[in-house]
Asker: 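Structure provided below as structure tokens; questions to follow.
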Amino acid sequence: MASAIEQPEIAAAAAAADPMLPALYSIQRVRQETDDTFTLELVPEDSHSSFGFRPGQFNMVYIFGVGEVPISISSDPGSLPMLKHTTREVGTVTRAMRQLKRGDVVGIRGPYGSCWPVAKAVERDVVIVAGGIGLAPLRPALYRLMAEREKFRKIVLLYGTRTPEDILYRQELEHWRGKFDLEIQVTVDRAASNWRGNVGVVTTLIPRAPFDPSNTFALVCGPEVMMRFTVMELEKRGVATERIYLSAERNMKCGIGFCGHCQLGAVFVCKDGPVFALNQIAAILGKSEI
Amino acid sequence: MIHTLEPIVEQHPFFLGMEERHIALIAGCAKNVRFESDQVIFHEGERADHFYLIRQGLVAVQCVIPNKGLTTVHTVGPDEVLGWSWLFAPHRFHFDGRAQQPTLALEFDGKCLRGKCDEDHDLGYEIYKRFTQIVTERLEATRMQLLDVYGKRD
Amino acid sequence: MTTEPVHAGGTVALEGEQLDRLITALSERKFEVLGPKLHDGAIVYDRLSSLNDLPSGWSDEQSPGKYRIKRGKGDALFGYVVGPHSWKKFLYPPVQRMWQAERNGKGLHILPNHDSAPSKFAFFGVRPCELSALAIQDKIFLGGPYVDPGYKARRENLFLVAVNCTQPGGNCFCASMNTGPKAVAGFDLALTELSQDGHRSFLVEIGTAAGAAMLSGIPHRPATDADKQLAERVLAHAARHMGRKLDTRDLKDLLYRNYEHPQWDKVAERCLSCANCTLVCPTCFCTTVEDSTDITGNHAERWRRWDSCFTVDFSYIHGGSVRATPRSRYRQWMVHKLAAWLDQFGVSGCVGCGRCITWCPVGIDITAEASAIRQSDQAKAPAEQGRESE
């Protein structure tokens, strides 16, 4: 179907070879981010790797004999060939991943899928709304925005998570807040009294966040319910539907449109998404069991 | 001194679009207050005779949970309203309000304003309309909080 | 009789017994000839060594949830329609090993499958609806930015002998889907079986140069006007005698606007979520992958196998399945097949072969389900509402 979003070009070589064969990457480090979230830091075994990606894209990450799962890329596109994947321990594969040590080898296929419309947001305000681990696929977009900070107007990150202990990339956020002209507002669902920040869902930050709704691109990623409420608040604030982008999540077995698992109405999340312009999926957003 | 608060009240988003005479009545019930970090603004169970418009800082709405201590369920920041118990019987606070940062606010005498609302239903309608909006928004946010969308951790 | 060279686009006639020579010619050119064969009480697709392997004189009786073979009226070679198999099992096998991996210390290396000479298949007796199904799977595995190399290799070597349908089955509705009963494209050769006064012949349309080359050396004669008229007549008759029909007008939007139609609940009361419909469907393409290691833990394999959107696990993401109920899974399948497919691939995902109706253990009929929704469209298109109020 006609796609309204920036689609990365797929390298002809990558498409021609067997797309189901992974490339090998070795673990440099497994970094515990929060209680249940960690980041794999990977470098390619092949020193001539020409891997490149755009913010918002994902890889299929294979653990020897255990399985393969889609995980968004959360590293800086400017710091290749290092790749970082932040994920939560939620299933067999991610649990096995958590046990990996420096030097262990994993398989990587990708990058797959669509990307955040960073280029389109030039000369505009950008509001990034992240919920929980939804910050991970947005981090490469933040790197890009920071790398070319002068090209954009206001950049606002609204980040909601469960508790203060669940805040991802804390040091980096502090660093960015100090170094760049970046407004960061964090809120948590619940906190002990010693938390001096906001408590409340992330949508409560939207009405008063400092951006000009008539000239804003909104990039949203988080649990589906959170994204639906966020969209409502953004629209209430006056952000145009066609400038709201979401990243969707579905079961995936192949990443390239062959396995059928990631169908969401008339789109494949793996190749039409994961980043969608809201108007691509607005009609089915919030419908039960689609 | 009271007159100097009128422009502040008038320009506050919460009272935006209200008639001048109503602004004057409301401002007549207002005063500037300042809270230090950790200062308790009100306690659960106390008579709720005030509400606040936060101008700067952050106030936590808190509750004591046995074994967990003081837990923040919501925070109120700049341009937001703190407290609606003054408007609805039995006019008692259901939570603690505690400044999390040095906070500047307008404090309104709810008892006084309740009286004025009873006398002038046009004013009452405007006040109820605005507070109902806040209550609705908080209820929606609370429902979403209840969904616990970020997943279980234990 | 002649063995004069023939050309793509031409039409010739073969006497009945000469058809065997086509199988021989294909075998001589190293094709593995696959076609309909009677096996375990059903007509399936299997290896053919001669015309004698075909279920000559057999027919089939099909209705929702029912399939029986029976003796046909005459001794037609193609007097039946489609059975439980479809050709996808050869081009995209139900179970395929993707690759193997070996662990050495901390590292590992991936062993791609050995490039054995790719299979060279000749499909003998492909029905027009099945040609359409093939074209659909081509779009999926060859038409996007990524290509499935195994499918591509097998597809490129494929020789296609189509057979037009002169006797549609009880669950056939290709005429509704514009995929039959006559093949119009996508074949090397297309046959129409003609029988007159106990005499059997085949009208042969030549689709490609490869088809023409295969015919050279096989005795044939020019097709007469009488042959062509007879073929036209029997195919027109077939088109009028479809076992079912599906009204495809506005079908995509009809389904999109009826996501919450009560019919989904009704069908869910019957649907067993058994996945039969997806496995027999010639266009369904979903797969899953399985990883395993041997007992040493140093050798791993990755396999791909056919999967179905009717399984609960299919849509699992951390925390649960997106489509947890049979209602949502049936809806997903049917709306995908008849609506979303058009958005994704530009064609309907249904070719009207009727297999899903026949092989459904409880006889759910996709045409009846679509019609039930149409009968009580919950959210009529504005234009239609306008018409009603006039």
Asker: Tell me which of these, A:K101, A:M252, A:E224, A:M20, has more heavy-atom pairs under 4.5 Å with chain C than the rest.
Answerer: A:M20
Asker: Where does A:I284 contact chain C at under 4.5 Å (heavy atoms): side chain, backbone, both or neither?
Answerer: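 Answer is side chain: those atoms of A:I284 sit under 4.5 Å from chain C.
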Asker: Go through the atoms of C:S292 and report whether side chain, backbone, both or neither lie under 4.5 Å from a heavy atom of chain A.
Answerer: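 Backbone of C:S292 only, per the 4.5 Å heavy-atom cut-off to chain A.
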Asker: Determine yes or no for a side-chain-to-main-chain donor-acceptor pair under 3.5 angstrom, with C:W99 supplying the side chain and A:P22 the backbone.
Answerer: no
Asker: For atom NZ of C:K266, is the number of surrounding heavy atoms from other residues, nucleotides or ligands below 6.0 Å larger than 12?
Answerer: no
Asker: Between A:P19 and C:P149, what is the shortest heavy-atom contact and its length?
Answerer: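 Looking at all heavy atoms of both residues, the shortest contact is CD-CD, 3.9 Å.
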Asker: Counting only non-hydrogen atoms closer than 4.5 Å, does C:R327 touch chain A with its backbone (N, CA, C, O), its side chain (CB onward), both, or neither?
Answerer: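 Neither part.
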Asker: For C:V322, is it the side chain, the backbone, both or neither that has a heavy atom under 4.5 Å from a heavy atom of chain A?
Answerer: both
Asker: Pick from C:A101, C:G144, C:A300: which one has the most heavy-atom pairs with chain A under 4.5 Å?
Answerer: C:A300
Asker: Given the side-chain rings of A:F258 and C:F285, with only the six-membered ring counted for Trp, is the space between their centroids under 6.0 Å?
Answerer: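 Ring centroids of A:F258 and C:F285 are no less than 6.0 Å from each other.
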Asker: Would you mind checking which part of A:E68 comes under 4.5 Å of any heavy atom in chain C, side chain (CB onward), backbone (N, CA, C, O), both or neither?
Answerer: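 It is both, since atoms from each part get that close.
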Asker: So for A:F268, is it side chain, backbone, both, or neither that comes closer than 4.5 Å to the heavy atoms of chain C?
Answerer: both
Asker: Quick check: closest heavy atoms across A:N251 and C:I317, and the distance to 0.1 Å?
Answerer: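 Taking A:N251 first and C:I317 second, the nearest heavy atoms are N-CG2, 3.3 Å.
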Asker: Under the rule for ring-ring contact (aromatic ring centres under 6.0 Å, His included), what residues qualify as partners of C:W306, not counting sequence neighbours?
Answerer: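 Once residues adjacent in sequence are excluded, C:W306 has no partner under the ring-ring contact (aromatic ring centres under 6.0 Å, His included) criterion.
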Asker: Heavy atoms only: give me the nearest C:L108-A:V105 pair and the separation to one decimal.
Answerer: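 Closest heavy-atom pair between C:L108 and A:V105: CD2-O, 3.3 Å.
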Asker: Give, as side chain, backbone, both or neither, the part of C:A324 having an atom under 4.5 angstrom from any heavy atom of chain A.
Answerer: both
Asker: Of the listed residues (A:V90, A:I290, A:L24, A:V66), which shares the most heavy-atom pairs with chain C below a 4.5 Å separation?
Answerer: A:I290
Asker: At a heavy-atom separation under 4.5 Å, does A:L21 approach chain C through its side chain, its backbone, both, or neither?
Answerer: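 For A:L21, the contact with chain C is made by backbone and side chain together.
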Asker: Measuring heavy-atom distances to chain A, does C:E102 have an atom under 4.5 Å in its side chain, in its backbone, in both, or in neither?
Answerer: backbone
Asker: Are C:Y146 and A:Y112 an aromatic pair, judged by ring center distance below 6.0 Å?
Answerer: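 Yes, close enough.
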Asker: Hey, is the main chain of C:T287 close enough, under 3.5 Å, to the side chain of A:H261 for a donor-acceptor pair?
Answerer: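 Such a contact is found between A:H261 side chain and C:T287 backbone.
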Asker: Using non-hydrogen atoms and a 4.5 Å limit, figure out which bit of C:D313 sits close to chain A: side chain, backbone, both or neither.
Answerer: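 Contact with chain A: backbone only.
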Asker: Please report the interatomic distance NE2(C:H109) to CD(A:E45), rounded to the nearest 0.5 Å.
Answerer: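 If we round to the nearest 0.5 Å, C:H109:NE2 and A:E45:CD are 12.0 Å apart.
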Asker: For the residue pair A:K253 and C:V289, what are the closest heavy atoms and their distance?
Answerer: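 So the minimum-distance heavy-atom pair works out to CD-CG2, 4.0 Å.
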Asker: Tell me the closest heavy-atom pair linking A:G265 and C:Y259, and the distance in Å.
Answerer: CA-OH, 4.1 Å
Asker: Flag the one option from C:K152, C:R302, C:M98 with the top tally of heavy-atom pairs under 4.5 Å to chain A.
Answerer: C:R302
Asker: Is chain A contacted by the side chain of C:N298, its backbone, both, or neither, given a heavy-atom distance below 4.5 Å?
Answerer: backbone
Asker: Could you look at C:D148 and say if it's the side chain, the backbone, both or neither that has a heavy atom under 4.5 Å from chain A?
Answerer: both
Asker: Indicate yes or no for a side-chain donor-acceptor contact from A:E289 to the backbone of C:T325 under 3.5 Å, with no hydrogens or angles considered.
Answerer: yes
Asker: Using a 3.5 Å distance criterion without hydrogens, assess whether the side chain of C:K106 forms a donor-acceptor pair with backbone atoms of A:R102.
Answerer: yes
Asker: Using 0.5 Å steps for rounding, measure from the NE2 atom of C:H336 to the CD atom of A:Q263.
Answerer: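 Taking NE2 in C:H336 and CD in A:Q263, the distance rounds to 3.5 Å.
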Asker: Check A:G65 against C:D291 and note the closest heavy-atom contact, atom names and distance.
Answerer: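 Heavy atoms of A:G65 and C:D291 come nearest at O-CB, 3.9 Å.
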